[in-house]
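Presented below is the structure to which this report refers.
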Amino acid sequence: MGDRHQFRAKWHDYNRGIYFVTICAAEKQHIFGAIRNNIFFPSELGDIITSHIELIPSYHKEVEIWKYVVMPNHIHIVIAVGTRFIASAPSPCTSVLPSESQNKYGCLKPPRHGDTVNDYHHNSKLATIIGAFKAGVTRTARTRLIASLPCWQPRYHEYIIRNQHAFDNIMYY
């Protein structure tokens with residue numbers, strides 16, 4: 001387990017910032033819904049995921065969900081944890097993109113003196129939020145659907161949004 005989290009930024013503790021998070025379905029199965037005629041039709045599990053994404057800010061007061069999309073075998077979430085690196089945040093889950101305002105988003109930078117974070121982020125706010133989200137979806141799915149349904153791959157991928165250009169690209173993706 002020594003290199004399990006080697007892909008995390010060693011200069012960032014993942015307790016504050018803006019992240020583009022991708023979480024995949026177990027074995028990349030298309031269990032969250034289907035696309036027909038360029039329209040996404042969520043499965044019951046896809047609906048459960050949507051409702052749990054929208055509930056994240058009610059469980060974690062320093063968190064805002066700025067945008068998300070549920071796809072047949074993965075989800076993308078733009079999540080802001082804390083406001084230390086954000087000028088002034090938009091309303092959660094709005095259709096107006098924060099980049100359309102005069103604010104600048106991102107601005108996380110590596111420390112100047114090469115300080116590193118040594119705990120590999122097992123207990124960071126971002127890891128706790130994503131873990132609680134995945135567990136909540138799994139619990140709800142097991143009570144409503146099939147008891148042995150595997151929902152998720154074990155990990156998730158996040159991209160630290162560090163500047164306005166990256167933020168704009170991700171929000172329009």
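No experiment lies behind these values; they were computed from the predicted model shown.
- The neighbour count for Tyr59 OH, taken as heavy atoms of other residues, nucleotides or ligands under 6.0 Å away, does not exceed 12.
- Nearest heavy-atom pair, Val63 versus Pro57, reported as atom, atom and distance to 0.1 Å: O-CB, 3.5 Å.
- Side-chain atoms of Thr140 and His52, non-hydrogen and from C-beta on, do get closer than 4.5 Å to each other.
- Using a 4.5 Å cut-off on side-chain heavy atoms (C-beta onward), Ile79 and Ile18 make no contact.
- Atom CD1 of residue Ile53 and atom CD1 of residue Ile77 lie 4.0 Å apart, to the nearest 0.5 angstrom.
- Heavy atoms only, all atoms of each residue included: Leu45 and Val137 are closest at CD1-CG1, 4.0 Å.
- Taking every heavy atom of both residues into account, Gly33 and Pro72 meet most closely at O-CB, 3.4 Å.
- Here CD of Glu54 is found 12.5 Å from CD1 of Ile49. Values are rounded to the nearest 0.5 Å.
- Residues Ile31 and Ser43 form no side-chain contact, since every pair of their non-hydrogen atoms from C-beta on lies 4.5 Å or further apart.
- Residues Ile48 and Arg144 have side chains in contact (heavy-atom distance under 4.5 Å, counting atoms from C-beta outward).
- Under the 4.5 Å side-chain criterion, counting only non-hydrogen atoms from C-beta, Tyr68 is not in contact with Val21.
- At least one donor-acceptor pair closer than 3.5 Å links the side chain of Asn163 to the backbone N or O of His165.
- Remark: side-chain polar atoms of Lys67 are not paired, donor with acceptor, to backbone N or O of Val78 under 3.5 angstrom.
- When every heavy atom of Ala26 is checked against every heavy atom of Pro150, the shortest pair comes out as CB-O, 3.7 Å.
- Side chain of Thr22 to main chain of His157: no donor-acceptor pair is present (N/O by atom type, distance under 3.5 Å, no hydrogens or angles).
- The backbone N or O of Ala25 lies less than 3.5 Å from no partner atom in the side chain of Lys28, so there is not a single donor-acceptor pair.
- Side-chain contact between Leu126 and Tyr156 is present, with heavy atoms from C-beta onward closer than 4.5 Å.
- Phe41 and Ile35 are not part of a single hydrophobic cluster, where members link through side-chain heavy atoms under 4.5 Å apart.
- Looking at every heavy atom in both residues, His60 comes nearest to Ala132 through NE2-CB, 4.3 Å.
- For Tyr19 and Trp66, the gap between ring centers reaches or exceeds 6.0 Å.
- When the side chains of ILVMFWY residues are joined at heavy-atom separations under 4.5 Å, either directly or via intervening members, Ile65 and Leu55 end up in two distinct hydrophobic clusters.
- Between atom CD1 of residue Ile170 and atom OH of residue Tyr159 there is a gap of 5.5 Å, rounded to the nearest 0.5 Å.
- Across all their heavy atoms, Phe20 and His76 have their closest contact at CZ-ND1, 3.4 Å.
- The main-chain N or O of Lys134 is found under 3.5 Å from a side-chain atom of Trp152 such that the two form a donor-acceptor pair.
- To the nearest 0.5 angstrom, Asp168 atom CG is 4.5 Å from Gln164 atom CD.
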